Amino acid sequence: MQYWLFKSEPETFSIDDLAKATGKTTCWDGVRNYQVRNFMRDVMKRGDLAFFYHSSCAVPGITGVISITRTAYPDHTQFDHEHVHYDADSKPDTPRWLMVDVKLERKLKRIITLDELRQHEHQLKELLILKRGNRLSVTPLSSDEWNYILSLE
DNA sequence: GCCAACGTTGGC
DNA sequence: GCCAACGTTGGC
């Protein structure tokens, strides 16, 4: 089982939006990066756990724990002309982009901020989100990193 | 296959 | 709003 970190801009989709969703479950559409698509296609399994991270906001940080409830399947928004994530080059018989379903397990008792994570750089120096220039919207992390971060809560 | 230009991300 | 970093595009 693999651990992950999912970024989302709370103005677009926040942890509270997920909490309000039917069954606290949503499809994670909109991934348009090949590396992330390959993570979803090749590695991500049902039951994997992930942190829900708020980015591009006043207080960036980890706000909750989610789980993968459905493995990769075609992202329908790539075929929707009206959608911002429409991809004219992707054909229905060979879909380019995939998504998974995720479910909210729980909100953290408090947000573990990016600033706080940086203060633990010694233990988290391999954490991809702390590395300069990292822009992947979904990144893997080790069980040691997972447990260490949860211990901060 | 190279690489400059361009678009996007995301912290600040 | 700025800008560094990085992925993608497209001309050659």
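So that the names make sense, note that chain A is the first sequence line, chain B the second, and so on, each numbered from 1. Just the heavy atoms: all of them, side chains too, but no hydrogens, waters or symmetry mates, feed the values below. Just so it is clear, the structure is predicted and the values come from calculations on it, not from any experiment.
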note: A:Arg32, atom CZ; C:dT8, atom C1'; distance rounded to Å ~ 15 Å
Query raised in the report: Between the main-chain N or O of A:Ser14 and the side-chain N or O of A:Glu9, is there a donor-acceptor pair closer than 3.5 Å?
Result: no
* When you look at A:Asp75 and A:His85, which way does the side-chain contact (heavy atoms from CB on, under 4.5 Å) test go after all the steps? -> CA-CA 10 Å; A:Asp75 177 345; A:His85 294 306; 5.6 Å; no
In whole angstroms, the gap separating P of B:dG11 from CD of A:Glu11 amounts to 13 Å
Here the distance between atom P of C:dG7 and atom CD of A:Gln35, to the nearest Å, is 7 Å
Taken to the nearest whole Å, CG/A:Leu127 to P/B:dG11 is 13 Å
Exercise for review: Go through the steps to decide whether A:Thr139 and A:Leu127 satisfy the test side-chain contact (heavy atoms from CB on, under 4.5 Å), and finish with yes or no.
Suggested key: CA-CA 9 Å; A:Thr139 49; A:Leu127 194 68; over 6 Å; no
Whole-Å distance, A:Tyr34 OH to B:dT9 C1', equals 18 Å
Under 3.5 Å, which donor-acceptor pairs link side chains of residues 56-72 of chain A to any protein atom two or more places apart or in another chain?
residue	atom	partner	partner atom	Å
A:Thr63	OG1	A:Phe52	O	3.1
A:Ser67	OG	A:Glu105	OE2	2.6
A:Thr69	OG1	A:Asp101	O	3.4

Practice task
May I ask you to evaluate whether A:Arg37 reaches the phosphate of C:dG7, defined as a side-chain N or O under 4.0 Å from OP1 or OP2?
Solution key: no
Within residues 50-65 of chain A, the residues having a heavy atom closer than 4.0 Å to DNA chain B are A:Tyr53, A:Ser55, A:Ser56, A:Pro60
Please tell me if the side chains of A:Asn33 and A:Arg135 come closer than 4.5 Å, counting only heavy atoms from C-beta onward.
no
The nucleotide from B:dG10, C:dG7, B:dC12 with an atom nearest the side chain of A:Lys7 is B:dG10
Between CG of A:Leu136 and C1' of C:dT8 the distance, given in whole Å, is 14 Å
Rounded to whole Å, the CZ-P distance (A:Arg135 to B:dG11) equals 12 Å
Of the candidates B:dG11, C:dG7, B:dG10, the side chain of A:Asn33 sits closest to C:dG7
Quiz prompt | Chi angles and distances behind the side chain to side chain donor-acceptor pair (under 3.5 Å) call for A:Arg32, A:Ser90 | solution = CA-CA 11 Å; A:Arg32 294 295 181 269; A:Ser90 183; over 6 Å; no
Between CH2 of A:Trp97 and P of C:dG7 the distance, given in whole Å, is 13 Å
| task | Taking the side chain as every heavy atom from C-beta outward, state whether A:Leu141 and A:Ile149 have any pair of such atoms under 4.5 Å apart. | result | yes
